[in-house]
Amino acid sequence: MPTTQAFTRQHRLLTGPQYQTVFDHSKWKVGNAAFLLLACPNQQALPRLGLVIGRKRAKRAVDRGCVKRRAREQFRLRQQQLAGLDIILLVRGRIDHPDPAEVTDQLGKLFDKLLAKCGQA
RNA sequence: CGGACCGGUCAGACAGUCGCUGGCGGCGUAGCCGCUAGAGGAAAGUCCGGGCUCCACAGGGCAGGGUGCCAGGUAACGCCUGGGGGCUACACUGGGAACGGUGUGGCUACGGCUAGUGCCACAGAGAAGAUACCGCCUGUUCCUUCCUCGUGUCGGAACCGGUAAGGGUGAAAAGGUGCGGUAAGAGCGCACCGCGCCGCUGGCAACAGCGGUGGCAGGGUAAACCCCACCCGGAGCAAGACCAAAUAGGGAUCCGUUGGCGUGGCCCGCGCUGGAUCCGGGUAGGUUGCUAGAGGUUUGUGGCGACGCAAACCCGAGAUGAAUGACUGUCCACGACAGAACCCGGCUUAUCGACCGGUCCACUUU
């Protein structure tokens, strides 16, 4: 098995219907004060990630970019374990001038938590 | 060397690992590999001005909006450059004073209240065709002091007037200073300063200078309505163009109505229903618009300057559920504000700092 850690367009949710499917059939939910992960099984060989980060939650473009990139990074590093899942990241709290290291830490823990939950099932 | 101001440049560096997007090349071509490029000075606010696209459009007017000293720059501007006026700070300086002159900065929303309308609290006697409260002064009458016994004189009251010097009120009270003048005063007269008008000179012009002339305008407010001059069609890349699945529906042609389904054991009958091909609209989705441009760099050249012209060279993001990142290590001045979304020119706002050039001031040394 090639342990590639690439993150391409196949690793993303691209269309509205794809997002809707995950929202309607989310089997696992993991969250904390700031973020929420929704996941459901897919028929693909690869896991797919979707991001929902609205201007309402994060006013500054820099903050939105920061969360997106860090979320993708954490997803990318765990993609071997996450295979067969469609995952959506939602922002719960208000984001303003966050500490980047803190964001990475929180997101990493959330993905681990999600893996633990799926592993039980 | 330090401080202030102005203008410009940069926006932690290096190495490794794992990734992302575009371009180019290669290959065994749904991909993989290699090379290469990959956020900003504000990418921001969306406050102006353009390009581009579609719609509308003979011409003119109204409404609405904008701009407002002059000249220039520009594709254009509410921007920029240069100039003028006004206000102001500091320094020097002229004058007895009012008030001026020079230099260096700063600010300036700077057309028009000699078209009209509106507003101007409070205070004050009076606030817009000015005004007499106190005061000052002439006169008349009365009271009063003095002795020289008067058409005198000291003090005072009332009244008729005069007055805009002084006091007082106010943001503002009919120019200011000085001299003369006068009963006291007053541009009443004169000189100077200020102001209006006329002329000449200089300047493209705003305007300035000089000379003459008038004793001298009648408050402020137009970021109040308004008047004058000039400018402005609307919507925006989710503009717009193209390709186009599935499902439903539309049109045309041909074929079928001897078919299929239901009822029924079957036939007749009855009820329901077409098939094939092509076309156009169009949803999801995709492609394009999409980055080579009012583009940079250097040199020359015109201009005080903004900027123009010419030549040579360069190509410096183009995503689209949305790339430009993460981690580790080392170093230092310990890294601010902040993330492209069609593209440019401005303005405004945010910002840890570093460097370069210029002007002014202060200080040290020779």
Side-chain angles (χ1 to χ4, degrees):
Chain A
M1 189 169 183
T3 58
T4 174
Q5 296 190 312
F7 183 78
T8 63
R9 282 177 71 78
Q10 279 90 50
H11 293 79
R12 299 179 186 186
L13 296 174
L14 295 174
T15 62
Q18 289 174 0
Y19 271 82
Q20 204 55 52
T21 303
V22 181
F23 277 122
D24 293 345
H25 303 99
S26 60
K27 206 170 168 189
W28 299 284
K29 291 184 183 179
V30 175
N32 63 12
F35 305 106
L36 177 68
L37 291 177
L38 299 178
C40 79
N42 67 12
Q43 311 306 314
Q44 320 288 319
L46 298 169
R48 293 186 298 186
L49 176 68
L51 302 166
V52 180
I53 301 166
R55 270 169 65 88
K56 260 190 170 177
R57 300 293 187 185
K59 209 163 160 18
R60 303 191 315 147
V62 174
D63 296 341
R64 291 196 295 276
C66 170
V67 172
K68 283 182 187 177
R69 284 194 281 262
R70 278 157 201 277
R72 275 199 290 269
E73 189 69 10
Q74 294 307 309
F75 173 86
R76 186 173 70 79
L77 295 170
R78 290 172 176 75
Q79 59 176 290
Q80 300 306 322
Q81 299 96 293
L82 291 168
L85 290 176
D86 281 348
I87 301 170
I88 289 183
L89 170 73
L90 290 167
V91 177
R92 270 180 160 167
R94 201 163 276 279
I95 295 178
D96 190 39
H97 294 82
D99 175 27
E102 179 75 13
V103 172
T104 302
D105 189 52
Q106 285 193 20
L107 289 171
K109 281 180 179 165
L110 278 183
F111 276 108
D112 289 339
K113 225 169 150 185
L114 178 66
L115 281 171
K117 258 198 172 176
C118 298
Q120 287 173 7

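Please read all numbers here as calculations on a predicted model, not as lab measurements.
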Quick one: pull up [atom1] in [X] and [atom2] in [Y] and give me the separation to the nearest 0.5 Å.
| X | Y | atom1 | atom2 | result |
| --- | --- | --- | --- | --- |
| A/Lys117 | A/Leu37 | NZ | CG | 10.5 Å |
| A/Asn32 | A/Lys109 | CG | NZ | 9.5 Å |
| A/Ser26 | A/Ile87 | OG | CD1 | 12.0 Å |
| A/His11 | A/Leu49 | NE2 | CG | 10.5 Å |

Side chain of A/Glu73 only, please: which of B/C18, B/A322, B/C20 is the nearest?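 Nearest listed nucleotide: B/C18.
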
[atom1] atoms of [N] and [M], separation to the nearest Å:
| N | M | atom1 | result |
| --- | --- | --- | --- |
| B/C120 | B/A128 | C1' | 12 Å |
| B/C290 | B/G51 | C1' | 15 Å |
| B/U144 | B/C154 | C1' | 9 Å |
| B/C193 | B/G96 | P | 15 Å |
| B/C55 | B/A239 | P | 13 Å |
| B/C18 | B/A338 | P | 35 Å |
| B/A186 | B/G167 | P | 14 Å |
| B/U21 | B/A340 | C1' | 13 Å |

Identify each atom pair where a protein N or O and an N or O of nucleotides 335-340 of chain B are less than 3.5 Å apart, giving names and distance.
residue, atom, partner, partner atom, Å
B/A338, OP2, A/Arg60, NH1, 3.0
B/A338, OP2, A/His97, NE2, 3.4
B/G339, OP2, A/Val62, N, 3.3
B/G339, N7, A/Arg69, NH2, 3.0
B/G339, O6, A/Arg69, NH2, 3.2

Using a 4.0 Å heavy-atom cut-off across all strands, classify A/Leu14 as base, sugar-phosphate, or nothing.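 Since a base atom lies under 4.0 Å of A/Leu14, the category is base.
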
Using a 4.0 Å heavy-atom cut-off, does A/Arg9 contact any base of the nucleic acid, only the sugar-phosphate backbone, or nothing at all?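 Contact class for A/Arg9: sugar-phosphate only.
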
Find the partner of [N]: check Watson-Crick (N1-N3 plus N6-O4 or O6-N4) and G-U wobble (N1-O2, O6-N3) distances, both under 3.5 Å, and reply none if neither fits.
| N | answer |
| --- | --- |
| B/C32 | B/G26 |
| B/G202 | B/C207 |
| B/G274 | B/C255 |
| B/A58 | none |
| B/C290 | none |
| B/G218 | none |
| B/A172 | none |
| B/A238 | none |

Please check if A/Val52 and A/Leu13 belong to a single hydrophobic cluster, counting links between Ile, Leu, Val, Met, Phe, Trp and Tyr side chain heavy atoms closer than 4.5 Å.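 A/Val52 clusters together with A/Leu13.
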
Count I, L, V, M, F, W, Y as connected when their side-chain heavy atoms are under 4.5 Å apart, and connections chain through other members. Are A/Leu38 and A/Val67 then in the same cluster?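 No, separate clusters.
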
Closest approach of A/Phe111 and A/Ala71, non-hydrogen atoms and distance?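 Looking at all heavy atoms of both residues, the shortest contact is CE1-O, 4.0 Å.
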
Nearest non-hydrogen partners of A/Leu89 and A/Leu107, listed with the distance: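 Scanning both residues completely, I find the closest heavy atoms to be CD1-CD2, 4.0 Å.
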
A/Arg70 and A/Glu73 ion-paired at < 4.0 Å: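 No.
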
For A/Tyr19 and B/G321, is the gap between ring centres under 5.5 Å while the planes differ by less than 30°?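 Ring-base stacking flag set for A/Tyr19 and B/G321.
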
Expressed as a whole number of angstroms, how long is the span from [X]:[atom1] to [N]:[atom2]?
| X | N | atom1 | atom2 | answer |
| --- | --- | --- | --- | --- |
| A/Leu107 | B/G325 | CG | P | 18 Å |
| A/Gln74 | B/C327 | CD | P | 9 Å |
| A/Arg57 | B/G321 | CZ | C1' | 18 Å |
| A/Leu90 | B/G321 | CG | C1' | 13 Å |
| A/Phe75 | B/A326 | CZ | P | 19 Å |
| A/Gln80 | B/C18 | CD | P | 15 Å |

Anti or syn, where syn is a glycosidic angle within 90° of 0; which label fits [N]?
| N | value |
| --- | --- |
| B/A56 | anti |
| B/A217 | syn |
| B/G94 | anti |
| B/G106 | anti |

With a 4.0 Å limit, can you tell me whether A/Arg12 has a side-chain N or O closer than that to the phosphate oxygens OP1/OP2 of B/U320?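 No, A/Arg12 has no side-chain N/O under 4.0 Å of OP1/OP2 on B/U320.
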
Applying ring pair (Phe, Tyr, Trp, His ring centres under 6.0 Å), name anything that partners A/Phe75, two or more places apart in sequence or on another chain.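 Here the qualifying residues are A/Phe7.
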
More 5' along RNA chain B: A/Val52 or A/Leu77, using each one's nearest nucleotide?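 Per heavy-atom nearest nucleotide, the more 5' residue is A/Leu77.
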
Whether the side chain of A/Arg72 and the base of B/C20 hold a donor-acceptor pair under 3.5 Å is what I'd like checked.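 A donor-acceptor contact between them is absent.
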
